[in-house]
Enquirer: 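Quick one: the structure is below, and I'll ask about it shortly.
Both counts, for ligands and for their atoms, begin at 1 and track the order of listing. We count residues from 1, following the sequence as given. Values in this document were obtained by computation on a predicted structure and should not be read as measured data.
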Amino acid sequence: MDYTEAKLKAEELRNQIKVNNEAYYVFDSPQITDFEYDELFRELKKIEEEYPDLITKDSPTQKVGDNISKEFKEIRHNYRLYSLDNSNNYDDLKKWYERVKKEYINEPELELVTELKIDGLSCALSYENGILSLGATRGNGIIGENITENIKEIKSIPQKLSKPINIEVRGEVYMPVSSFERLNEENIENGIKEFANPRNAAAGSLRQLDAKITGRRDLHFFAYTAILTGENSLFKTHEQALKLLGELGFEVNPNYKLVKGINDVIKLCGYWENERFNLNYATDGMVIKINDISKQNELGFTSRAPKWATAFKFPPEEVWTKLNNIELSVGKTGAVTPIAELEPVQLAGSTVKRASLHNFDEIQRLQINIGNRVLIKKAAEIIPKVIRKQENEDFGVYKTPDKCPDCHTPLVKPEGEVALYCPNSLKCPSQIKGRIEYWASKEAMDIDGIGSSIVEKLYEKGLINDFADLYKLSIDDFMTIDLIKEKSADNLYNAVQNSKKPSMTKFLTALSIKLIGKETADLIANEFPSLNDIKNAKIEDLVKIDGIGEKAAKSIVDFFADENNKTILNKLEEYGVTPQGSAFEKISNIFEGKTFVITGTLSQPRNIFEEKIKKLGGKTSSSVSKKTSYVLAGENPGSKFDKASSLGVIILNERDFNLLSEGKNVNE
Ligand code: AMP
Ligand code: ZN
């Protein structure tokens, strides 16, 4: 680039940075990703290094890049606030360390403190005699906004310290990721614009003219800098300063570390690059600081940043790419879900080709279509999600399908659900294969080797049409699949045959009953001793189980009432696939078909009797009806006793109950 070109480019970059600074700091509504912003910044810095006389006084590289809105009162900071220089690669990090080390050639390695760079909003707090007197935003580092009233609404900021000292504290106001997501959900419901990320949500919530709104938002504060005003120094190192902040009553992010030399810093950067996704707050990098305060003072500052600290920025969590296609996948329950197929891009250290779109309402909300550029974000889950589309593009909106992409049956939307379903559950190949695959999966029956490709081939050959069919397959059947030799066929056969005695939980999970996952299956298995009881259970019986709602209960009842499912269950029984009893191992059938209701105080806790009833094949219920077989009444029975009398239900005392359970007659 020659001088004139460089000059024009520098001007253009400065303008772009200025516009984006305003969007970010004043309106809390960024138009580009942090990564793209940093790239503009780096490009400008490079040009200015090459042609130093192009540096202008008001270049963003020469000052702290904040703007101040007119809405808050301005305050002049007692001590300037700075930005941080940053790099996004280990070489630059090493160069920074070498530069600093040159000043201290007599020391082998320098002590450094690494901290997470919290992606929030930096604030300066002043305390006089231990009492909070002022809270301010960074602003341009010299002048900031007075937000004292808002700061007072943040619970993790003490208004009175444990020591009556004069101190200035800096730190980051942030919003936990979970609270950010909840706030956005609320905003969507109320038709208010969403926040782009937790940082903007924190900034937007803090910089409210009505401090009461701030108080309603879940904001927190991590303190990371202490400046003592007056006091004989209470600390000589940064680490001691962090400890002091904790003692004074501040929250200090616990993930800081004191290390010697740059190699451990690099290891920690690598560690947190992945680990950050497990935190409930956003962090965009690491901050590395010289531990010794006297060295910090010797090194000093540039016009923009301290020389004794630097930041390492993680690879971007968000990136723009093109939406190449929307793939429709039909799940085992018939739910049709859209998945974004993307132009492959690097995101947080790995190549991404697919992203989640959740459901068709989400596509409507995002107003996207194939061809759009979309912002995708790394999420805690393995598959990233689509956040929004590039604003000024119009490709229309992807049309919600009305037919199953596999079997072409018209789709249905059950009331109160967001998902669309293919109702052709018996014949839809995707659903059939999905259920068989799920039956064999780790979460369910855990049959080694039976994965999607084997299921696909067995289904194509017409050898299986449901999961019960797996058990009639012979070794020869497995050998009809290409590339499967005798040894593997043998293994597959044995794996299937050895899965015939699952626990009740695994068995129930494996049936692919809508809304019944492993946890719900476990709840049911714990309440019902046998498969027969579950088959005969009514909605009323099921909802009595803590954790089972009306919808799940109905889904179970519907499942076992379905003729096709009955056929599959019969086949399973025929092949010897029988779930092993749950917590209540049945010991006899004395109470088979009998329902008990317990009332009053008995000689032992009620659950002992309930367990006994279940072990003997009976059921318990909490309310008396015509269908109640017996009421077991202890001392001071309640209204159930009266109801039983009026309905003519047999009432047993404890002695009668014990006789009955031994198979003896009760004198009526
Ligand atoms: P930048 O936003 O690129 O100017 O980076 C500097 C900013 O990082 C500071 O103004 C702080 O708001 C923020 N920051 C977040 N965590 C820390 C930390 N642990 N130590 C220092 N600064 C931090
Ligand atoms: Zn279908």
Enquirer: Just to confirm my numbers, could you give the angle made at the Zn ion (ligand 2) by SG of C422 and SG of C428, rounded to 10°?
Expert: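 Computed angle, vertex at the Zn ion (ligand 2), rounded to 10 degrees: 110°.
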Enquirer: Strictly below 4.0 Å, N to O, side chains only: are E12 and R14 in salt-bridge contact?
Expert: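 Salt bridge between E12 and R14, a charged N being under 4.0 Å from a carboxylate O: no.
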Enquirer: Counting backbone and side-chain atoms alike, does C404 have an N/O/S atom under 2.8 Å from the Zn ion (ligand 2)?
Expert: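 Yes.
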Enquirer: Which part of V287 is near ligand 1, with near meaning a heavy atom under 4.0 Å away: side chain, backbone, both or neither?
Expert: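 The answer is the side chain of V287.
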Enquirer: Of all the non-hydrogen atoms in the protein, which one sits nearest to atom 3 (O) of ligand 1, and at what distance?
Expert: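 For atom 3 (O) of ligand 1, the nearest protein heavy atom is K117 NZ, 3.9 Å.
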Enquirer: Under 4.0 Å, counting heavy atoms only: does L116 come that close to any atom of ligand 1?
Expert: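 Flag set, L116 near ligand 1.
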Enquirer: Report yes or no: is the cationic atom of K514 (NZ for Lys, CZ for Arg) under 6.0 Å from the centre of the six-membered ring of Y421, at an angle within 45° of the ring normal?
Expert: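 Yes, cation above the ring, under 6.0 Å and within 45°.
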Enquirer: Does either side chain, that of S87 or that of N89, offer a donor lying less than 3.5 Å from an acceptor on the other one?
Expert: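 Looking only at side-chain atoms, N89 and S87 do not form any donor-acceptor pair under 3.5 Å.
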Enquirer: How far is atom 16 (N) of ligand 1 from its nearest protein heavy atom, and which residue and atom is that?
Expert: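 So the nearest neighbour among protein heavy atoms is I118 N, 3.0 Å.
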Enquirer: Looking only at the side chains, is there a donor atom on one of S205 and R217 sitting less than 3.5 Å from an acceptor on the other?
Expert: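 Checked: S205/R217 side chains pair up, N/O donor to acceptor below 3.5 Å.
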Enquirer: Closer than 4.0 angstrom, basic N to acidic O: yes or no for E43 and K46?
Expert: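 Salt bridge absent between E43 and K46.
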Enquirer: We want to know whether D119 and Y281 form a side-chain donor-acceptor pair, criterion being a heavy-atom distance below 3.5 angstrom.
Expert: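 Y281 and D119 do not have a side-chain donor-acceptor pair below 3.5 Å.
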Enquirer: Heavy-atom contacts with S122 under 4.0 Å: which atoms of ligand 1 show up? List them by number with element.
Expert: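 Near S122, meaning under 4.0 Å from one of its heavy atoms, ligand 1 has 10 (O), 11 (C), 12 (O).
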Enquirer: Select the closest option to atom 11 (C) of ligand 1 among Y224, Y82, Y174, judged by heavy-atom distance.
Expert: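 That would be Y224.
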Enquirer: Going by the closest heavy atom to atom 13 (C) of ligand 1, which one wins out of E115, R304, E172?
Expert: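 The option holding the nearest heavy atom is E172.
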Enquirer: Less than 4.0 angstrom from a charged side-chain N to a carboxylate O is my criterion; do D85 and R304 meet it?
Expert: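 Looking at R304 together with D85, the answer is yes, because their closest N to O distance falls below 4.0 Å.
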Enquirer: For atom 20 (N) of ligand 1, state which one of H238, K313, R138, K289 supplies the nearest heavy atom.
Expert: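 Ranked by closest heavy atom to atom 20 (N) of ligand 1, first place is K289.
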Enquirer: Would you mind listing which atoms of ligand 1 come within a distance below 4.0 Å of any non-hydrogen atom of S83?
Expert: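 Checking each atom against S83, I get 1 (P), 4 (O).
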Enquirer: According to the interplanar angle, ranging from 0 to 90°, do the rings of Y398 and F360 count as parallel (below 30°), tilted (30 to 60°) or perpendicular (above 60°)?
Expert: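 Taking F360 first and then Y398, their aromatic rings lie parallel (interplane angle under 30°).
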